Amino acid sequence: MDSHTLVSRPRAVRITKVRDENGQAKSLFFRDEFSSKALPGNFVIVWLPGIEEMPMNISRIDSESSVTVWPYSPGTNALCSMKEGDTIWLRGPYGNPYKILGNNSLLIGSGSGLSPLLALAKHIASKKLSATFILHAKTEQGLIFHNELAKTCEVVTATTDGSKGRKGKASYVANGLIANGKFDVVYAGLGEIELRMIFETAEARKMPVQFGLERPMLCGVGLCGSCSIGKYLVCRDGPVLNSEQIRECFAELGVFRRTKSGAIVPVKDY
Amino acid sequence: MDSHTLVSRPRAVRITKVRDENGQAKSLFFRDEFSSKALPGNFVIVWLPGIEEMPMNISRIDSESSVTVWPYSPGTNALCSMKEGDTIWLRGPYGNPYKILGNNSLLIGSGSGLSPLLALAKHIASKKLSATFILHAKTEQGLIFHNELAKTCEVVTATTDGSKGRKGKASYVANGLIANGKFDVVYAGLGEIELRMIFETAEARKMPVQFGLERPMLCGVGLCGSCSIGKYLVCRDGPVLNSEQIRECFAELGVFRRTKSGAIVPVKDY
Amino acid sequence: MSQEQISLEVEIAELSLRNPIILASGILGHSAEIFERIYEGGAAAVVGKSISLLPRDAYKPPAVVEVRGGFLNAIGLGNPGAEAFVQELKKLSAKKIPVIASMFGSDPEDFVKMTKILDSAGASAFELNLSCPHVKGVGTEVGQDPDLVTKIVSATRRNTSKPIFAKVSPSSEILLQTVKAAEDAGASGITATNTIRAMALDVESGMPYLSNRYGGLSGEALHPIAVRCVYEIAEHTKNPIIGCGGVVDWESAVEFILAGASAVQVGTVLASKSIGTIEEILNGIKGYMVRKGYRRISDFVGLAHSGK
Amino acid sequence: MSQEQISLEVEIAELSLRNPIILASGILGHSAEIFERIYEGGAAAVVGKSISLLPRDAYKPPAVVEVRGGFLNAIGLGNPGAEAFVQELKKLSAKKIPVIASMFGSDPEDFVKMTKILDSAGASAFELNLSCPHVKGVGTEVGQDPDLVTKIVSATRRNTSKPIFAKVSPSSEILLQTVKAAEDAGASGITATNTIRAMALDVESGMPYLSNRYGGLSGEALHPIAVRCVYEIAEHTKNPIIGCGGVVDWESAVEFILAGASAVQVGTVLASKSIGTIEEILNGIKGYMVRKGYRRISDFVGLAHSGK
Ligand SMILES: Cc1cc2nc3c(=O)[nH]c(=O)nc-3n(C[C@H](O)[C@H](O)[C@H](O)COP(=O)(O)OP(=O)(O)OC[C@H]3O[C@@H](n4cnc5c(N)ncnc54)[C@H](O)[C@@H]3O)c2cc1C
Ligand SMILES: Cc1cc2nc3c(=O)[nH]c(=O)nc-3n(C[C@H](O)[C@H](O)[C@H](O)COP(=O)(O)OP(=O)(O)OC[C@H]3O[C@@H](n4cnc5c(N)ncnc54)[C@H](O)[C@@H]3O)c2cc1C
Ligand SMILES: Cc1cc2nc3c(=O)[nH]c(=O)nc-3n(C[C@H](O)[C@H](O)[C@H](O)COP(=O)(O)O)c2cc1C
Ligand SMILES: Cc1cc2nc3c(=O)[nH]c(=O)nc-3n(C[C@H](O)[C@H](O)[C@H](O)COP(=O)(O)O)c2cc1C
Ligand code: FES
Ligand code: FES
């Protein structure tokens, strides 16, 4: 056995390319055999020795894969300042990916939740299925992936402040589209409070959902329990949960979560 | 990983059949996936909990494989008294098998050295190559496998006391046949003193040999060194050594060996 | 022997369990919902994450790294404190799910307070973590000090009538002394073992993988060491032993029982395989018992000592 | 940096070695011919099987069993005694193959006699086995007793001017005390570590696999524990450390060096893989040094301590 076959031992990969997505979020590209075999919704855990370890959704799955990083913490700041040729460390990929249901999908993502949906949109397109993508951000500057998405599906742009496209929170725009009855499944990568609101609409219309969740993760492998939501572990059962699973943990969704030390705290909106 | 994939952890197998080979040696048959994939010359290590652990050549390789046991020690006595339905424990198979060289082989075995040569003779026959087998024992009672061997190759029976077939030690009979120049390789499973004498004849005629050796084994896996002969380990490099290897350890062959505690002692003739 | 004639029930120090499989401390935290899932998945009881009197932060990630044969972890005993755990305990005891409350600390007074809080909240038993290998002052350093062990176990004993298990370290020369100190002070049994202090380095950065540098080794690499501990302890005590460390299938669980354990904890395997492994282990044990003609687990507890 | 600018040579306590890979004690016994093969296969030195003054029988087989992540062995320190080893030593020193003679015992007088015999027969250095986990009275029980360690190391020190390495157990709470006692008494360095006491049971027979019941765990399962020992010892001493335990490839060897080892021993991997692994490890280390721009092994010894 080669130590590199240990999927949960960080392996060094060289950044082959850095793409500035919107003056804030950066996509870091790298060659990694494990990531190139991932499925949309799988995530990796990125380590910067001496700094931090951070779960990251895989935004592009290919011979060169990518993660797209938003600078919200010391570790993500450090990642966003990295250059081609620098080294980052990965373990994973982890988690249960999105599963393709239905023929006409609605995808909704905002900010850092957009990453796995980019990979998913490409995957849906490769199966020649139709999809509409609500590309959301708080303000126009937050919007990313537009051109890439436009090649794969119909893109509906929206911002909370209305600086571009439709105006409103992602859930507001999404619920409007869900209401027109055209779609047979909703895929969403948003904050939990937004997800909660979309779920209520989808349930009323008996429409299946697949939600990509993010909760604090200490281990990523199903050992520590910090990522739990109800009876589920976001790192193992998720990050993508389906309608049945969301129903079971709905009391917690967008309401409270655990810290890495196990304390219960309210979920914040971003 | 299932603990059964640990080739060096003894696994319990049920004896499916016991065959009395000559009133003394018994063949114990069992179903064991690892053994059924062994090659002629490979050996297993048989464990009887609370009694002993013993290396044993595999005499028949098939969906039901067998070892053929001579009652020379407490452990082998216990094995020889076992019945169908009893359990024995195996680890392995181990070692480097016989390699088929040439088109007309001479095989020579006596007593407990006959086991791997039975498997080898069947293997040679399956490749439609010719072979002559010197089936030797000290006395007529010691002869085993005659009928099975006769189906695969020409059998020359011989005994030290002349009670059956040609008269003389195995090396004497073998050297006589080697001298007629008909054979292009010699496979032998005999005591080392006999092997030593055959090797001298074969070398004089530049005839390649493959000798199956037996030396005291504590581990069977190349950890302890007790089975060493010169620079070779009988458990790993052997039990089958070829002419080049025998040449390199010829000073020791049939002269001295090590005990399980590493002391040097002379090799005895049986 | 048919499956019907077999009972997996065990009685360890007055704790009646429907089978011998228990979730190990710290694995999957202490959420009542997760524990209920583990219980529904087959485990007879769960041990809570080790709790201190006051909340304590976990170490920064990386807190976990895979090595050959297991994982290293240095979670740092992060926990929200005894009062926070009461909420979970109450939910679980309402559902009659047996919870063994794990506690750590270095001040016997803390154990007095925690025991009172958790006993009245419905803990079925207590486990004293005397053996965390990666937190200074409250782990193996406690277990190494027989006097402190005596004080902590006595403090706990005086404040509960429920079973108390002392959890020991596999990496101790004075293992049997710690065991004796704990039992003399009133421990009902021993959990053997915790993880063993270890480290892994990244050759590219030259840095330890874990933010805490040192961590505890769990998983199958630990199993033969933990089995040895259970066997050694069983040679010296008649009290029940709970085996823990590297159980990955029914055979590794049965090894613990043969070595002298009355019950077996599972941890890392839930990550290296899945939660479903609990059921596979139970089915494997049942099949083994049918084959061997054992009616109860106690029929083969400690059997490996008889042939020596 | 090109391969040519790189030197693998190491100097450990006046012992100059062509590279940092050494055969571990007890692996493949002590035959001069086998040792020569290991040396030709790339190892810079070999440690002999541990020797006692008088011959001693090995335990009955089973003496070895595979577990997940390695092997358990209970060879029982069987050896033909110091005088018998002299023959092998002479052959090896005639060929200029560095041999580190390993000795065990409990009587300092035995060490006096063995040291004299083996020093004059050409041993390049000595390793004191204070840490065999499966033989009563002469292994870990010695290492646990700092006074006895002092006596044994002093006795050896007085009778040779060659380097002396004290080989310690990974399973000790007083590891650093043992190290200090050995160094204060004149040990030139530390070998860390020996195997760890362990056991495996056969579930079908209910019996321990090993005739001695207890054995020592070696192989990759031991590696993170041994790396931790080297790292801990390196925090407390400037003397050279030899890493040992679970090296299976160049990365696991480099981990030891980064943790603070100046050289690395290989054992079980020769069985779990093959003798050829030594060369693979050396090539791997060379490639690593080219990539990292290191010219000598000493450039990265202990580097993992700098970033903490
Ligand atoms: C499964 C999973 C996938 C993830 N994928 C990505 C990814 O693809 N790209 C990425 O950049 N990050 C991603 N994250 C988040 C990232 O891992 C964390 O931001 C990072 O680890 C820092 O975590 P933290 O615990 O230090 O901080 P956190 O406590 O998570 O957050 C740090 C601070 O940043 C702010 N913050 C956090 N999230 C947001 C947000 N979405 N919008 C605005 N402010 C925010 C909060 O104010 C908080 O105080 C992911 C997280 C998870 C669990
Ligand atoms: C690679 C290998 C393969 C083996 N295969 C077989 C096999 O297929 N069948 C089998 O029965 N045994 C076989 N043996 C031998 C068997 O393993 C041993 O006899 C058994 O382990 C007892 O070993 P021991 O060390 O106790 O006794 P040993 O010291 O080996 O011998 C025990 C006593 O038996 C006598 N003895 C040993 N061998 C012979 C012999 N060939 N003829 C007459 N007397 C003898 C000696 O007098 C000795 O004192 C094999 C051994 C090895 C190393
Ligand atoms: C992530 C993690 C957290 C742990 N936390 C604790 C803890 O809080 N208290 C404790 O006594 N043991 C703790 N342990 C040790 C386990 O309870 C168990 O003793 C160890 O993991 C060995 O069992 P395993 O090999 O089955 O995992 C923890 C282990 C892991 C892997
Ligand atoms: C079969 C065997 C025999 C051993 N004999 C000795 C010995 O005589 N003296 C000693 O100090 N260590 C002995 N050891 C321990 C090794 O030298 C080494 O410390 C241990 O195997 C860990 O290294 P590894 O994982 O590379 O094998 C032995 C190990 C094995 C497997
Ligand atoms: S992050 Fe540890 S269980 Fe999910
Ligand atoms: S029997 Fe141990 S090395 Fe061959």
Side-chain angles (χ1 to χ4, degrees), chain B residues 1-14 45-55 73-75 87-89 91-92 94 215-233 235-237 248-249 251-252 256-265, chain D residues 26-38 40-41 48-49 51 55-69 71-81 84-85 87-88 200 202-211 218-219 267-275:
Chain B
M1 185 174 31
D2 183 14
S3 66
H4 287 135
T5 63
L6 300 178
V7 71
S8 292
R9 185 157 179 148
R11 48 194 184 275
V13 300
R14 215 172 50 84
I45 294 190
V46 179
W47 179 46
L48 294 181
I51 303 182
E52 210 181 346
E53 199 191 44
M54 302 150 274
S73 68
T87 301
I88 60 173
W89 281 253
R91 58 187 180 93
Y94 295 118
R215 287 209 155 194
M217 290 185 179
L218 253 186
C219 77
V221 296
L223 264 182
C224 73
S226 71
C227 66
S228 73
I229 177 164
K231 65 191 255 193
Y232 293 109
L233 300 170
C235 72
R236 277 294 288 254
D237 304 302
E248 284 173 300
C249 59
E252 269 191 43
F256 63 87
R257 63 169 177 88
R258 281 168 201 276
T259 65
K260 285 170 190 162
S261 307
I264 290 176
V265 294
Chain D
I27 306 297
L28 297 180
H30 56 230
S31 129
E33 287 80 7
I34 296 278
F35 280 179
E36 192 181 340
R37 175 172 172 197
I38 303 284
E40 282 170 4
K49 182 172 180 164
I51 290 288
R56 186 187 149 93
D57 276 343
Y59 293 145
K60 255 178 65 164
V64 163
V65 65
E66 192 175 3
V67 293
R68 293 192 179 88
F71 282 89
L72 306 189
N73 88 80
I75 303 284
L77 294 175
N79 80 91
F85 187 43
Q87 308 313 315
E88 318 283 345
D202 173 59
V203 298
E204 290 309 314
S205 63
M207 300 268 288
Y209 285 109
L210 300 176
S211 71
S218 67
T268 303
V269 69
L270 304 191
S272 64
K273 293 185 174 176
S274 74
I275 295 176

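Because the structure is a prediction, the values reported are computed rather than measured. Here is the naming used below: chain letters follow the sequence lines, and residue numbers restart at 1 for every chain.
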Side-chain heavy-atom pair Val64(D), Glu53(B) within 4.5 angstrom cut-off: no
Leu48(B) portion near chain D, given a 4.5 angstrom heavy-atom threshold: neither
Rounded distance [0.5 Å steps], CD in Glu66(D) versus CZ in Arg91(B): 9.5 Å
Leu270(D) CG to Leu233(B) CG distance, which is reported to the nearest 0.5 Å: 10.0 Å
Distance in Å, Leu72(D) CG paired with Ser8(B) OG, rounded so as to fall on 0.5 Å steps: 11.5 Å
Part of Asp57(D) within contact of chain B (heavy atom distance under 4.5 Å): both
Most chain D-contacting option - heavy-atom pairs closer than 4.5 Å, from Glu248(B), Met54(B), Lys260(B), Arg258(B): Arg258(B)
Between Cys224(B), Gly222(B), Ser228(B), Cys235(B), the one whose heavy-atom pairs under 4.5 Å with chain D are most numerous: Cys224(B)
Gap between atom CG of Leu218(B) and atom CD1 of Ile75(D) - 0.5 Å precision: 4.5 Å
Heavy-atom closest pair, residues Gly262(B) and Lys49(D): N-NZ, 4.5 Å
Most chain B-contacting option - heavy-atom pairs closer than 4.5 Å, from Ala271(D), Ser272(D), Gly267(D): Ala271(D)
Ser261(B) (side chain) donor-acceptor with Pro80(D) (main chain) under 3.5 angstrom: no
Atom pair OG/NZ of Ser31(D) and Lys231(B) - distance to nearest 0.5 Å: 11.5 Å
Atom pair NZ/CD1 of Lys60(D) and Ile51(B) - distance to nearest 0.5 Å: 8.5 Å
Heavy-atom proximity to chain B below 4.5 Å, by part of Pro55(D): neither
Atom group of Phe35(D) that falls short of 4.5 Å from chain B, counting heavy atoms: neither
Ring-ring centroid check Tyr209(D) Trp47(B), cutoff 6.0 Å: yes
Under 4.5 Å from any heavy atom of chain B - which part of Ser205(D): both
Side chain / backbone / both / neither for Ser274(D) at chain B, heavy atoms under 4.5 Å: both
Among the listed options Gly78(D), Gly29(D), Pro208(D), Pro61(D), the residue most often paired with chain B at heavy-atom distances under 4.5 Å: Pro61(D)
Pairs of heavy atoms under 4.5 Å with chain B: top-ranked of Val203(D), Ile27(D), Val65(D), Leu28(D): Leu28(D)
Arg37(D) vs Tyr232(B) side-chain heavy atoms within contact, under 4.5 Å: yes
Side chain / backbone / both / neither for Glu36(D) at chain B, heavy atoms under 4.5 Å: neither
